[in-house]
Visitor: 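Handing you this structure, nothing more for now.
Protein chains get the first letters and strands the later ones, always in sequence-line order, with residue 1 at the start of each.
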2 protein chains.
Amino acid sequence: MSMDPIFRALADPVRRRLLDRLFARNGQTLGELCEGEAMTRQAVTKHLAILEAANLVVSQKRGREKLHFINPVPINEIAERWIGKFEAPRLAALAQLKRKLEGDDHE
Amino acid sequence: MSMDPIFRALADPVRRRLLDRLFARNGQTLGELCEGEAMTRQAVTKHLAILEAANLVVSQKRGREKLHFINPVPINEIAERWIGKFEAPRLAALAQLKRKLEGDDHE
DNA sequence: TGAAAAGGCAACTGAAAGGTTGCATATTAC
DNA sequence: GTAATATGCAACCTTTCAGTTGCCTTTTCA
């Protein structure tokens, strides 16, 4: 699985703010997410489509409304596979330490 | 400090690969970084300039060469301030555990 | 000292991205 | 049923971005 769409989706401040708002309150409709953004509904729709394509947001229809839910999995993947690499020593040491302390050393 | 240039810099696969290569071997020259990239030297120069603007890479001249060094600080900031939010419980627990174990609880 | 090596600068091009406008569709409420 | 609400679709415009070409400057070395 490529991480390119994830990084691309995170590159825009509008989309990061949308994720922030969904993190603050999950399951918001398109109309709710449009409030506060200084652009048309269609522009927000496109941003949400990009977030969905990156699997950062999942949507679901309820009647005439469309609910949006944040999906933390890709962000965790970035943290673990990419960003984690740059602080690998520190985090690896911590994780190993944690395992040792929990007596959970099944490697 | 805005994180926008950092996210923008990370949005391009070429720039992520350049960071990868600098992580594998730090202090490479422009010419070295051009090898393996299927584009002109000037294109790579532009990518490196974007990485420098985001403070992800620092450069230094040595004679007629330009050496490039990776700077992990902004990536850590992303990990801590933004991505960390989505896995705050886990990482916070780890950090607290670390402080406790180091007897370093000057809060 | 002069040629090769390493890199810088600036203008140009093509494609993609962000945004808008206009209209269509589906659902709810009166 | 019909009007308002919530959203979808598609064409278009404008700016940004990635990449190229051409030429210039600096440093090294024979």
Side-chain angles (χ1 to χ4, degrees), chain A residues 2-22 25-71 74 78, chain B residues 2-22 25-71 74 78:
Chain A
S2 170
M3 322 198 57
D4 198 57
I6 305 174
F7 277 107
R8 282 211 129 80
L10 293 177
D12 191 283
V14 175
R15 293 193 286 269
R16 292 198 301 276
R17 187 167 47 241
L18 287 172
L19 283 181
D20 277 342
R21 295 174 61 189
L22 283 180
R25 185 164 67 86
N26 213 5
Q28 295 190 59
T29 67
L30 173 60
E32 287 171 326
L33 290 172
C34 283
E35 298 170 12
E37 302 295 329
M39 62 189 67
T40 62
R41 172 177 55 84
Q42 285 80 357
V44 177
T45 299
K46 285 191 183 179
H47 283 298
L48 287 170
I50 292 173
L51 289 171
E52 284 199 61
N55 203 28
L56 285 162
V57 161
V58 187
S59 69
Q60 174 189 354
K61 292 216 68 173
R62 185 186 62 185
R64 64 182 159 183
E65 296 179 322
K66 189 180 184 187
L67 308 181
H68 299 81
F69 302 89
I70 197 171
N71 178 17
I78 285 187
Chain B
S2 169
M3 320 196 59
D4 197 59
I6 305 173
F7 277 106
R8 283 209 129 80
L10 294 177
D12 192 283
V14 176
R15 292 193 285 270
R16 292 199 301 276
R17 186 168 47 241
L18 287 171
L19 284 180
D20 278 342
R21 295 174 59 188
L22 283 179
R25 186 165 65 86
N26 212 7
Q28 295 189 60
T29 68
L30 172 60
E32 287 172 325
L33 291 172
C34 284
E35 298 170 10
E37 302 296 330
M39 62 189 69
T40 61
R41 172 177 54 83
Q42 285 78 0
V44 177
T45 299
K46 286 190 182 181
H47 283 298
L48 289 170
I50 291 173
L51 288 171
E52 285 200 61
N55 202 28
L56 285 161
V57 161
V58 186
S59 70
Q60 174 188 355
K61 291 216 69 173
R62 186 186 63 184
R64 63 181 161 182
E65 297 179 322
K66 189 180 184 186
L67 308 182
H68 298 82
F69 302 89
I70 196 170
N71 177 19
I78 285 187

Visitor: Among residues 26-35 of chain B, which ones have heavy-atom contacts with DNA chain C below 4.0 Å?
Guide: B:Thr29, B:Leu30, B:Gly31

Visitor: Just verifying a value: how many Å separate B:Ile50 CD1 and B:Thr45 OG1, rounded to the nearest 0.5 Å?
Guide: 11.5 Å

Visitor: Can you pull the contact range of chain A along DNA chain C, 5' to 3', using atoms under 4.0 angstrom from its heavy atoms?
Guide: C:dG18 to C:dT28

Visitor: Quick check for you: to the nearest 0.5 Å, what is the distance between B:Leu10 atom CG and A:Leu10 atom CG?
Guide: 9.5 Å

Visitor: Does anything in residues 36-46 of chain A form a salt bridge (Lys or Arg N to Asp or Glu O under 4.0 Å)? List the pairs, not counting sequence neighbours.
Guide: A:Arg17-A:Glu37, A:Arg21-A:Glu37

Visitor: Have a look at A:Leu33 and tell me which of A:His47, A:Lys66, A:His68 forms a side-chain contact (heavy atoms from CB on, under 4.5 Å) with it.
Guide: A:His68

Visitor: Starting at CG of B:Leu51, measure out to CD1 of B:Ile70 and round the result to the nearest 0.5 Å.
Guide: 9.0 Å

Visitor: At what distance, to the nearest 0.5 angstrom, does CZ of B:Arg15 lie from CG of B:Asp20?
Guide: 13.5 Å

Visitor: Using the C1' atoms of five pairs at each end, what's the angle between the two axes of the helix from C:dT1-D:dA30 to C:dC30-D:dG1, to 10 degrees?
Guide: 20°

Visitor: Please report the interatomic distance CG(A:Leu30) to CG(A:Leu67), rounded to the nearest 0.5 Å.
Guide: 10.5 Å

Visitor: Is the side chain of B:Asn71 donor-acceptor paired with the backbone N or O of B:Val58 at a distance under 3.5 Å, no angle test?
Guide: no

Visitor: Taking only the side-chain nitrogens and oxygens of B:Thr40, find out if one of them lies under 4.0 Å from OP1 or OP2 of D:dT20.
Guide: yes

Visitor: Might you list the N or O atoms of the protein lying below 3.5 Å from N or O atoms in nucleotides 16-18 of chain D, with each pair's distance?
Guide:
| unit_1 | atom_1 | unit_2 | atom_2 | d |
| --- | --- | --- | --- | --- |
| D:dA18 | OP1 | B:Arg15 | NH1 | 3.2 |
| D:dA18 | OP1 | B:Arg15 | NH2 | 3.0 |

Visitor: Minimum heavy-atom separation for B:Ala9 to B:Ala54, with atom names?
Guide: CB-CB, 3.8 Å

Visitor: Looking at every heavy atom in both B:Leu22 and B:Gly27, which two are closest together, and how far apart are they?
Guide: CD2-N, 4.3 Å

Visitor: With a 4.0 Å cut-off, would you call B:Arg8 and B:Asp4 a salt bridge?
Guide: yes

Visitor: Could you tell me the separation between the CZ atom of B:Phe69 and the CD atom of B:Gln60, rounded to the nearest 0.5 Å?
Guide: 5.0 Å

Visitor: When you compare the protein's N or O atoms with those of nucleotides 23-30 of chain D, which come within less than 3.5 Å of each other, and at what distance?
Guide:
| unit_1 | atom_1 | unit_2 | atom_2 | d |
| --- | --- | --- | --- | --- |
| D:dT27 | O2 | B:Arg64 | NH1 | 3.4 |

